[in-house]
> 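One structure is given below, represented as structure tokens, and several questions about it will come after.
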Amino acid sequence: TVFQCVKSQVIAAMETQLSNGPTCNNTSNGPSTISNNCSSPVESGSIEDSKTNLIVNYLPQNMTQEELKSLFGSIGEIESCKLVRDKITGQSLGYGFVNYVDPKDAEKAINTLNGLRLQTKTIKVSYARPSSASIRDANLYVSGLPKTMTQKELEQLFSQYGRIITSRILVDQVTGVSRGVGFIRFDRRVEAEEAIKGLNCQKPPGATEPITVKFANNPSQKTSQALLSQLYQSPNRRYPGPLAQQAQRFRLDNLLNMAYGVKSRFSPMAIDGVTSLAGINIPGHAGTGWCIFVYNLAPDADESILWQMFGPFGAVTNVKVIRDFNTNKCKGFGFVTMTNYDEAAVAIASLNGYRLGDRVLQVSFKTNKTHKA
DNA sequence: TCCAATT
């Protein structure tokens, strides 16, 4: 069976060479990392590790850098903030960096925002390791795993080769049973290389078949290749003169739309319902989104509770707890701004009457009162 | 047989 393992890899390598067709994978789920895999300065032992710089993973695909800054800005003053995007398509790669002014705010952000549910994702907030080539391309793809192997057992098998940053076993979306494939991300590439040498084509303890261990594909590269491959097949690719450029741009937009549901700022499809309604006086609509009034918050309520309540319903661009100027305690209400009307409406319908502690919340679109009653 | 983890 070891021979079969090697043979299957040779065939797989051939197929990789041959297949450049478009792909569409929108089936990603949230993270399922066991244990605390945060890279803290203490764990990595380097005195030079930043205590203010955070990496944020598993962000929703449609989340913008402004929304990221708004979310983490509710904790404390931000020095800089960056959402990482694909260099070619501009698509969010689902992670970003937040650098605080005060290390205490970075710690607070980990404690309050790590594990926050946003739409279909559960975000991960941890200290960013110092950027270096040695930590890149340290992700392994593992296949042929026994269906009974757990994530913990997978980590135990690989942990002898280095520090594991994340691990995951893919499961059937319907049955929840293991698909026998997974991922292991090590702290360093050299650790991943050693794990391949030690575990590829080997049988895990108790297993009847050997596993395959190799470097994982880079999802962002795959995205770019699929899109460029389609662009290359367009009829006017041989004459990329001035006239063709607008069409190319348009074509790329349509490809992005079809493949990923993207509405880029160049596309006519970016003109959605909210944009076309701008200027019309509608309750709760503030031009930049839909403002929601939240009443009956506790005196100690803070912004994070609003993010936690409204974030799962869709794109939230801003939250604010109204506080007494002198006591700094919440005056019992706050506001949430959401980008999309539909998501705001569902959030209101779901959260109005919601019991938070011993209080029943009142949630509605903000009304436009010009004077006090 | 592939999840958006290093600016």
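Below, read A as the first sequence line, B as the second, and so on, with proteins coming before strands; counting in each chain starts at 1.
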> In this structure, how many angstroms lie between the C1' atom of B:dT1 and the CG atom of A:Asn218, rounded?
16 Å
> Given atom CG of A:Asp86 and atom P of B:dT7, what is their separation to the nearest angstrom?
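To the nearest whole Å, that distance equals 14 Å.
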> Closer to the 5' end of DNA chain B via nearest nucleotide, is it A:Leu170 or A:Ile135?
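With A:Leu170 and A:Ile135 compared, the 5'-side residue is A:Leu170.
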> Which residues in residues 176-185 of chain A have at least one heavy atom lying under 4.0 Å from any atom of DNA chain B?
A:Arg179, A:Phe183, A:Arg185
> Can you work out whether A:Val98 or A:Ser92 has the more 5'-proximal nearest nucleotide on DNA chain B?
A:Ser92
> For the side chain of A:Asn139, counting heavy atoms from C-beta on, which of B:dC3, B:dT6, B:dT1 is nearest?
B:dC3
> Only counting residues at least two apart or in another chain, list the ones meeting side chain to side chain contact (heavy atoms under 4.5 Å, CB included) with A:Ser131.
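For A:Ser131, no residue satisfies side chain to side chain contact (heavy atoms under 4.5 Å, CB included) once neighbours in sequence are set aside.
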> Closer than 3.5 angstrom, by distance alone: can the side chain of A:Arg355 be matched with the main-chain N or O of A:Leu361 as a donor-acceptor pair?
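No.
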> Can you tell me how far apart CG (A:Leu68) and OH (A:Tyr95) are? Round to the nearest 0.5 Å.
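Result: 13.0 Å between the selected atoms.
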> For A:Asn217 and B:dC2, give me the distance from atom CG to atom P, rounded to whole Å.
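Computing the A:Asn217:CG to B:dC2:P distance gives 9 Å.
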> May I ask you to decide if the ring planes of A:Tyr100 and A:Phe72 are parallel, tilted or perpendicular, using 30° and 60° as cut-offs?
tilted
> Can you identify which nucleotide, out of B:dT7, B:dT6, B:dT1, has its nearest atom closest to the A:Asn53 side chain?
B:dT7
> Take atom CZ of A:Phe186 and atom P of B:dC3, then tell me their distance rounded to the nearest Å.
20 Å
> Any pair with a residue in residues 292-303 of chain A that passes side chain to side chain donor-acceptor pair (under 3.5 Å), sequence neighbours left out, goes on the list, sorted by first then second residue, please.
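For residues 292-303 of chain A, and leaving out neighbouring residues, the side chain to side chain donor-acceptor pair (under 3.5 Å) pairs sorted by first residue read A:Asn296-A:Arg359, A:Asp302-A:Ser304, A:Glu303-A:Arg323.
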> Start with the C-alpha distance between A:Glu66 and A:Thr317, add both sets of side-chain angles, then the distance that settles side-chain contact (heavy atoms from CB on, under 4.5 Å), and finish with yes or no.
CA-CA 7 Å; A:Glu66 287 65 40; A:Thr317 57; over 6 Å; no
> Starting from P on B:dT7, measure out to CG on A:Leu83 and report it in whole angstrom.
14 Å
> Do A:Phe293 and A:Phe333 have ring centres separated by under 6.0 Å?
yes
> Report yes if a donor N or O on one partner sits less than 3.5 Å from an acceptor N or O on the other, where the partners are the side chain of A:Arg129 and the base of B:dT6; otherwise report no.
yes
> Would you mind reading off the distance between A:Tyr100 atom OH and B:dT7 atom P, rounded to a whole angstrom?
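Roughly 20 Å, once rounded to whole Å.
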> Just the rounded figure in Å: distance from C1' of B:dC2 to CG of A:Leu145.
13 Å
> A:Tyr95 OH to B:dT6 P: how many Å, rounded?
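In whole Å, B:dT6 P and A:Tyr95 OH are 5 Å from each other.
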> Would you indicate what A:Phe97 reaches in the nucleic acid, counting non-hydrogen atoms under 4.0 angstrom: base, sugar-phosphate, or nothing?
base
> Can you tell me if A:Arg168 touches the phosphate of B:dC2, counting only side-chain N or O atoms and a distance under 4.0 Å to OP1 or OP2?
no
